[in-house]
Amino acid sequence: MLENRYEPPRTPPLSPLGGLLRTLWRGDGDLLSLMPATAYRVPIGPLGYSRRSILILNDPALFRSVLTDPLDVYPKNDLMTGALEPLVGDSLFVSSGPLWRRQRAMIDPAFSQLRVTQAFGGMQAAVAAYVEKLARQAETGAPFSLDFAMSELTADVICRTIFSTSLASETAQKVFSAFAIFERSAAHIELPRLIFSKAFSAIPQHDAVLNACEEIRDALGTLVDARLALPEAQWPDDIASAVMRGEDPDSGVRFTRKELIDQLGVFFLAGHETTASALIWVFFILSQRPEFLRPLREEVTRTYGAGPITFHKLRSLSYTRAVFREAMRLYPPITFIPRVATEPTRLGAYRIKRGAMLMISPWVIHRHEAHWPKPHVFEPERFTGDGEKSHRPGTYLPFGLGPRVCVGADFATIEASLIMAELLRGFDFEMLEPESVRPMARLTTRPREEIRARVHRRR
Ligand code: HEM
């Protein structure tokens, strides 16, 4: 239907040179505006502006073979691991080979379905506290940053479910503020490095980033020490304790203090920015288009009436989940899933050199003309009923795929459904300058400028 053809904001792609000049001119290192128009059409192709070879992979058979590679030929890309290393060491998100296998086996139980079910109480408490805050904001009518609001809310969820503490605590505040510095400075892709650096070269970090990482790691160390000082029977029943109890499947040995700090840093990093990014776009889109908000609210009322949003019925919010999934199709929080070839190899018709960067971009794949009809149009029906058959199998990967698929996928889906249901049934969100909103790739897919919003009690 014509009225439903809503194309939310994007930066139209240019030629390779045009995209490069645009990005250099803006000086923000946005990899999305660098992506040439051809990237959205080819199954595999070079992104030709770099000293090292960079290839984009869009064909499901090709990117699947890289992401499921059993021989460890394509580990995480060195530019990304170098940028994250000061914060998260050699932890789950960045490690590879046998070290990664050991860590994954020790951490998977902490994100089992049972554990996520148990975490729901912490999610509810964070959302209830946030609803109170929104109610106050609705009374004053003061504008606020939607980006900051979503980061704050999802960081509070992480604090409560992983560490059994709220974001209001002094330690959590320290981590949150230092993380904002890390996000602004380390995430910034330095274009000269991408263009001129040789593969596997060392990545010097700015002092501000190193200081922020040290502060975050100190604060996490305080949390770990406080827990290690208690008899194990008194550890809180949360995800951090589950990770602390994790044992190496061969030796039975647990994580060291340093390893625990690495892993908990990853949960904070990977666990709140991503969900915040998805929710920013959900709330933005729904504020622009009542035709998607209406059925979502009807579904929440049909399921819960005015009662509490409980865990056991959450999975029946199929339209709500479809809105979340479609928002992540158009704005996948992890814009790029980069890998590096550690030996010469072959992908399709291409010879791959050692050191070549392989870009698997959920952003590009989710908007690829060969995979999705009307790729830029927002249509939650793609994820309900027969709509699932409308796109090419294997081309939806906001949580990655293969053995390194996101450990927090279930957690994030439940958290987002709860937040959407609870906030949207009580409040209307008004965006102050919707026409100026544009996405860009930072650490996650974010608005280029923060989105200013106002909230009103639902009439
Ligand atoms: C909407 C929210 C989220 C999105 C879109 C997302 C996306 C992803 C993606 C694409 C990957 C794979 C990266 C790659 O292969 O290079 C990943 C991995 C990971 N995610 Fe998430 N994530 C989300 C939420 C979470 C949450 C809530 C947590 C934990 C609390 C989490 C923890 C992790 C970890 C630890 C990994 C590394 C797994 C491994 O390499 O074995 N994520 N995530």
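No experiment lies behind these values; they were computed from the predicted model shown. Atoms within a ligand are numbered from 1 in the order they appear, just like the ligands themselves.
Near Pro333, with a cut-off below 4.0 Å to any heavy atom, the atoms of ligand 1 are 5 (C). Short contacts between ligand 1 and Val407, defined as distances under 4.0 Å to a heavy atom of the residue, involve ligand atoms 32 (C), 33 (C), 34 (C), 35 (C). Ligand 1 places these atoms under 4.0 Å from at least one heavy atom of Trp100: 39 (C), 40 (O), 41 (O). Taking every non-hydrogen atom of Arg339 and a distance limit under 4.0 Å, the qualifying atoms of ligand 1 come out as 14 (C), 15 (O), 16 (O). Each of the atoms 35 (C) of ligand 1 lies under 4.0 Å from some heavy atom of Val266. Residue-ligand proximity, Ile337 to ligand 1, at heavy-atom distances under 4.0 Å covers atoms 10 (C), 14 (C), 15 (O), 16 (O). Those atoms of ligand 1 with a heavy atom of Ala412 less than 4.0 angstrom away are 1 (C), 2 (C), 24 (C). Near Pro398, meaning under 4.0 Å from one of its heavy atoms, ligand 1 places the atoms 5 (C), 7 (C), 10 (C).
Heavy atoms of other residues, nucleotides or ligands lying less than 6.0 angstrom from NZ of Lys76 number more than 12. At most 12 non-hydrogen atoms from other residues, nucleotides or ligands lie less than 6.0 angstrom from CD of Glu170. For Lys353, the NZ atom is loosely surrounded, since the number of other residues' heavy atoms within 6.0 Å does not exceed 12. By the 6.0 Å contact criterion, CD on Glu7 is enclosed, its count of non-hydrogen atoms from other residues, nucleotides or ligands being greater than 12.
For His376 and Arg367, the side-chain atoms include at least one donor-acceptor pair closer than 3.5 Å. No side-chain donor from either of Ser145 and Arg452 sits under 3.5 Å from a side-chain acceptor of the other.
With hydrogens and angles disregarded, a donor-acceptor distance shorter than 3.5 Å links the side chain of Trp235 to the backbone of Arg227.
Taking distance alone, with nitrogen or oxygen atoms compared against 3.5 Å, Glu415 stays at or beyond that limit from ligand 1. Geometrically, ligand 1 and Thr275 share no nitrogen or oxygen pair separated by less than 3.5 Å.
Using a 30° and 60° split on the angle between ring planes, Phe111 and Phe267 fall in the perpendicular class, above 60°.
With a heavy-atom cut-off of 4.0 Å, Arg104 touches ligand 1 through its side chain alone.
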